[in-house]
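Presented below is the structure to which this report refers.
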Amino acid sequence: ALSQTLQFQEYVFLQFLGLDKVPSPQKFQPVPYILKKIFQDREAAAITGGSQDLCSVKDLGVRGNVLRLLPDQGFYLYSKNLSQASSCLQKLLYFNLPAIKDKEQLTMAQLGLDLGPNTYYNLGPELELALFLVQEPRVGHSIPKPGKLFVLKSVPWPQGVLHFNLLDVAKDWNNNPQKNLGLFLEILVKGDRDSGVNFQLEDTCARLRHSLHASLLVVTLNSEQCHPSSRKRR
Amino acid sequence: SAIPANKASCKNLCHRHQLFINFRDLGWQKWIIAPKGFMANYCHGECPFSLTTSLNSSNYAFMQALMHAVDPETPQAVCIPTKLSPISMLYQDNDDNVILRHYEDMVVDECGC
């Protein structure tokens, strides 16, 4: 009976913390530098007794009191003729947004694409990264049809860590979950592929597929815990 | 005016005590990434009428203590947190999302009657 009471009390408290049940993560996710930094800054401020505005994230320049890093749940797409086509890498990115509660207002959604440390040095052939919004459901692991994609960004010579502002897209997904069909990421080879660079190209593409890491950093503002910022008077 | 209490009774007066919350003890270390625990503290002690003015007391506690003095059926004023501060928690939820959230009123900074 005591155990049941404790479990019930724990459940009630976890609900207060915004959780439905005790989380049991399947695998540990890496904590990005920005979350670590914000956490450490808050801890330092708490020790020194400095005043803290818990409803704004100074490091990101936005209002918000909950920061979530959503892991990519998508998968790689393989074209049968990838070695001959101009595509180096194709991936569907998918982020599970329903974790955002109704009372929360989205203030930031930033896609982070980490292409890995190797891309800082030897990129090999000239590459271009293209990011599309998937607008129509696909069948299985099929590659989205070009007409059903909306171009979001194009980055020549992609390297290191890239960030994309997806606030409008995330707001749309949050309001219409059925629209959340993911993003299509493609890294293309610019120009003609000749036989001389083919070996190097395959190596670069394989490294990119191995090291690519995508995540969506979402900041929300809970209206019950934070009041909206008042507009400045003229 | 406050009546000075003797040394022995001072120990029993309302004040802040240390309480470290270790998430491992709660079995929460599986999902909380940081911190591993935190000094939450707690308030405990008596709020005698003679000291209600010096123990960071509310006017209400003073009145309650006054009533207790004239009518012992009225309970004594109680020792409670009067200033709390938040902590930040970094954890992973069931969808493998890493979440940084600030929780209000998690640490007792000051106690009073």
Side-chain angles (χ1 to χ4, degrees), chain A residues 6 10 13-14 16-32 34-47 49-57 59 64-73 95-100 215-220 222 225-226, chain B residues 14-44 55-58 78-112:
Chain A
L6 281 172
E10 186 180 57
F13 184 67
L14 288 170
F16 165 72
L17 294 183
L19 296 162
D20 298 327
K21 57 182 177 178
V22 177
S24 53
Q26 299 303 307
K27 59 177 181 179
F28 283 101
Q29 297 293 331
V31 179
I34 187 71
L35 290 194
K36 270 187 210 169
K37 184 180 182 300
I38 295 167
F39 175 80
Q40 285 165 354
D41 288 349
R42 300 266 183 185
E43 269 204 326
I47 291 165
S51 65
Q52 296 188 65
D53 179 5
L54 300 178
C55 297
S56 80
V57 189
D59 295 78
N65 65 331
V66 185
L67 290 90
R68 289 184 177 85
L69 189 82
L70 314 180
D72 168 35
Q73 297 179 3
F95 301 98
N96 186 18
L97 271 186
I100 295 162
S215 59
L216 188 69
L217 179 61
V218 172
V219 183
T220 58
N222 189 316
Q225 291 156 6
C226 301
Chain B
C14 173
H15 71 279
R16 191 180 70 166
H17 299 254
Q18 285 197 338
L19 169 67
F20 186 77
I21 305 282
N22 189 340
F23 289 131
R24 184 168 284 277
D25 293 343
L26 303 172
W28 290 8
Q29 82 281 3
K30 293 169 197 160
W31 57 279
I32 296 179
I33 301 164
K36 302 291 176 207
F38 68 102
M39 192 63 81
N41 303 321
Y42 69 96
C43 299
H44 185 70
L55 285 175
N56 194 19
S57 304
S58 58
V78 289
C79 181
I80 54 161
T82 52
K83 191 179 169 210
L84 295 141
S85 57
I87 65 158
S88 295
M89 275 164 59
L90 197 57
Y91 63 89
Q92 222 175 300
D93 69 6
N94 277 311
D95 296 317
D96 283 340
N97 302 323
V98 177
I99 301 175
L100 174 62
R101 201 170 174 141
H102 313 294
Y103 291 103
E104 298 276 5
D105 304 339
M106 295 287 273
V107 175
V108 175
D109 292 327
E110 290 172 14
C111 299

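Quantities reported herein were computed from a predicted structural model and do not represent experimental measurements. Because only heavy atoms are used, hydrogens play no part in the values below, and waters and symmetry mates are left out as well, while side chains stay in. So you know, we letter chains A, B, ... as the sequences are listed, proteins then strands, and number each from 1.
For His44(B), the NE2 atom counts as loosely surrounded, since its 6.0 Å shell holds 12 or fewer non-hydrogen atoms of other residues, nucleotides or ligands.
Of the listed residues (Pro71(A), Pro30(A), Gly64(A)), the greatest number of heavy-atom pairs within a distance under 4.5 Å of chain B belongs to Pro71(A). Your options are Ile32(B), Val107(B), Leu90(B), Val98(B), and the one with the most heavy-atom pairs under 4.5 Å with chain A is Val98(B).
Taking the side chain as every heavy atom from C-beta outward, Phe39(A) and Pro35(B) approach each other to under 4.5 Å. When side chains are defined from C-beta on, Arg42(A) counts as touching His102(B), because their heavy atoms get closer than 4.5 Å.
Asn94(B) contributes a side-chain N or O that, together with a main-chain N or O of Ser24(A), makes up a donor-acceptor pair within less than 3.5 Å.
With rounding to the nearest 0.5 Å, the separation of CG in Asp96(B) from CG in Asn96(A) is 10.5 Å. Note: Leu54(A) CG to Arg101(B) CZ = 12.0 Å, rounded to the nearest 0.5 Å. Of the inter-residue distances, the one linking Leu67(A) atom CG with Ile99(B) atom CD1 reads 10.0 Å to the nearest 0.5 angstrom. With rounding to the nearest 0.5 angstrom, the NZ atom of Lys21(A) is 10.5 Å from the CG atom of Asp93(B).
Heavy atoms closer than 4.5 Å to chain A are found in the backbone of Leu26(B), but not in its side chain. When heavy atoms are compared at a cutoff of 4.5 Å, Phe38(B) does not approach chain A at all. With a 4.5 angstrom heavy-atom cutoff, Leu14(A) touches chain B only via side-chain atoms.
The minimum heavy-atom distance between Gln73(A) and Asp95(B), with the atom names listed, is NE2-O, 3.8 Å. Nearest heavy atom pair, residue Pro23(A) against residue Gln92(B), reads CB-O, 3.3 Å.
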